[in-house]
Amino acid sequence: DLDQQTIDIIKVTVPVLEKHGNEITKVFYQRMFENHPELKNIFNQTNQRKGDQSKALAGAVYAAAYHIDQLEKILPVVKQISQKHKSLNIRPEHYPIVGKYLLLAMKEVLGDKANADVLGAWERAYGVIASLFIETEKEMFKEMKDTVGGWTGFRDFKVIRRVKECDVITSFYLVPADNNPFPAHQAGQYITVQAEIEGEPLVHLRQYSLSCAPGAGHYRISVKREDAVNDLPAGIVSNYLHDKIKIGSTLPITAPSGDFILDQTNDSPLVLISGGVGLTPMMSMLGTVVKQQPERMVYFIHAAQSSNVHAMHSAVKEISHRYNQVSSYVIYGHPTYEDKLIKNHDKEGYIDDEWLTKILPTYDASFYFCGPAPFMRTVYQLLKGHQVDESNINYEFFGPASSITG
Ligand code: HEM
């Protein structure tokens, strides 16, 4: 436990660190990668270049430090981050490395503003926070090991089927290369793919939501090919998967992780809202609810630019025809001429309050949504406008988490 003096120092200095947050974070990653280049294989280098993700780790350390005398308050957040860490195979021995370079970066950036007392307090605080993460992740690793068919780290899966879902999204069906059992995921969870790409000095890790319901006899990921836009280069891993991964290829993956999962103990109406490739966890939830909760009303709302980039439309139509409990709706931002002729969609443009209010019988429902950040912000604000309780609002970011609530 930390003494009061340490706690006081931390509380007083959190704002100072936050003020210099970007600079400290930059120096932290720079120094850490210089001395531990192997960690470049773990951290998403594309996000590093964009600078988004780099703030998350250090930002979370400050946030945790702020609650250092009541860490139980941040346990839900710790658990969520630990799911990500588990999926990336982060190990206890990684923590002292991060701690060391975070401290060094503080010292370098703050200079005289950080004396030995301040640095000492932060070293102790980091130790306490790191222990909390390490313990949480140890539990998770143990649970994975104890699950029938479960595993830790990476395991080779082979591709048994590939399906082009639309112009930009392709599905890959995966089973263990060793043909041994593997555990069912929970609807909404993701896995990490390790891509070893010819000519690339680093391996690349990427998370993909599983897009099939559990118990299908395989896992399935559905990957959007990311083309180059403006100054952003094309997605290294998504293009590799689309171009090089065929039936019979193997992909090392980690076991399913994540706490964006369908709560099946709840039987209030379920509203699944997705934008673009954000539909992948929703497909898993949709397939699950019709099997497990046949009485539950389900509203499946999907927004895409047009039918050209609309994945799994016929699968969703089939489910909504077969199961009375399901109503499905399609919104196209820019429908094609043909879309307009044959009315492939229920709404043109973007999701809005008037339309959503018309199709939903009630806002007293469980909402799950996933899609691009601006889309999620819109949905979140809309639900808040109808006083939907936080406990009924569930969402998942693809890529670095950013704020949609502010
Ligand atoms: C992601 C916090 C330690 C590696 C994250 C995220 C947070 C975070 C908030 C973003 C989660 C998300 O986007 O869903 C922390 C805190 C740590 C810590 C508070 C220490 C107490 C570590 C360590 C490693 C690590 C020791 C490994 C060396 C990663 C990686 C990501 C990540 C690779 C994914 C993002 C990326 O690829 O850039 N962490 N982390 N973290 N963390 Fe940690």
Side-chain angles (χ1 to χ4, degrees), residues 10 14 17-18 21 24-26 28-33 35-68 71 74-103 105-106 122-138 140-141 153-154 188-195 202-209 235-237 254 257-260 281 370 373 376 395-404:
I10 296 296
V14 164
L17 289 182
E18 278 180 331
I24 296 174
T25 303
K26 220 176 96 192
F28 156 65
Y29 280 111
Q30 215 174 329
R31 298 282 175 266
M32 184 169 76
F33 290 143
N35 291 284
H36 290 273
E38 76 282 1
L39 292 181
K40 285 187 177 177
N41 294 302
I42 302 182
F43 285 84
N44 181 330
Q45 295 300 312
T46 305
N47 289 342
Q48 286 288 321
R49 272 195 291 280
K50 288 193 234 164
D52 311 344
Q53 184 70 58
S54 34
K55 292 177 208 116
L57 198 165
V61 173
Y62 307 145
Y66 189 77
H67 294 98
I68 195 75
L71 283 174
I74 60 159
L75 264 182
V77 183
V78 171
K79 285 200 170 126
Q80 191 199 340
I81 299 168
S82 287
Q83 288 283 344
K84 187 55 98 36
H85 284 163
K86 176 185 86 171
S87 184
L88 288 155
N89 201 27
I90 305 301
R91 298 299 186 150
E93 57 270 26
H94 289 128
Y95 281 85
I97 303 174
V98 164
K100 177 175 172 187
Y101 291 99
L102 210 48
L103 253 299
M106 284 178 193
W122 273 92
E123 191 174 351
R124 288 190 291 280
Y126 177 82
V128 170
I129 297 164
S131 301
L132 182 61
F133 277 85
I134 291 170
E135 284 312 311
T136 307
E137 285 154 27
K138 261 196 193 142
M140 290 178 175
F141 272 105
F154 289 89
Q189 288 191 307
Y190 54 80
I191 52 110
T192 294
V193 167
Q194 184 176 51
L202 300 171
V203 301
H204 296 271
L205 308 184
R206 291 293 183 276
Q207 282 78 48
Y208 296 103
S209 295
I236 300 173
V237 177
T254 55
S257 287
D259 61 359
F260 177 66
C370 184
M376 299 221 294
Y395 54 88
E396 170 110 310
F397 277 99
F398 281 176
S402 58
S403 174
I404 62 162

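In listed order, ligands and their atoms are each counted from 1.
Of the options L102, L57, V98, L205, the smallest heavy-atom separation from atom 15 (C) of ligand 1 is shown by L57. Of the listed options N89, I81, V128, I81 places a heavy atom closest to atom 7 (C) of ligand 1. If you check each of H85, R91, H36, K84 against atom 25 (C) of ligand 1, the one with the closest non-hydrogen atom is H85.
For ligand 1, the atoms lying closer than 4.0 Å to a non-hydrogen atom of H94 are 26 (C), 27 (C), 28 (C). Atom numbering of ligand 1 starts at 1 in the shown order; those under 4.0 Å from a heavy atom of L88 are 30 (C), 31 (C), 33 (C), 34 (C). Counting atoms of ligand 1 from 1 in the listed order, those under 4.0 Å from a heavy atom of A60 are 2 (C), 9 (C), 19 (C). Below 4.0 Å from some heavy atom of I129 lie the following atoms of ligand 1, by number and element: 21 (C). Listed by atom number, the atoms of ligand 1 under 4.0 Å from V61 heavy atoms are 19 (C).
Remark: L132 CG to S82 OG distance equals 7.5 Å, nearest 0.5 Å. With rounding to the nearest 0.5 angstrom, the CD1 atom of I90 is 11.5 Å from the CD1 atom of I134.
Of all heavy-atom pairs between I97 and H36, the closest is CG2-CD2, 3.5 Å. What you find for M140 and Q83 is that their closest heavy atoms are CE-NE2, 3.5 Å.
A105 pairs by the side chain to side chain contact (heavy atoms under 4.5 Å, CB included) definition with I24, V27, F28, not counting sequence neighbours.
Aromatic ring orientation, H85 versus F133: tilted (interplanar angle from 30° to 60°).
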Practice task
Please report the C-alpha distance between Y95 and E137 in whole Å, then the side-chain angles of each, then the deciding distance to 0.1 Å, and finally whether the side-chain hydrogen bond (donor to acceptor under 3.5 Å, both in side chains) criterion is met.
Solution key: CA-CA 12 Å; Y95 281 85; E137 285 154 27; 2.8 Å; yes
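With a heavy-atom cut-off of 4.0 Å, N44 touches ligand 1 through backbone and side chain alike. When non-hydrogen atoms are compared, ligand 1 lies under 4.0 Å from the backbone of Y95 as well as from its side chain.
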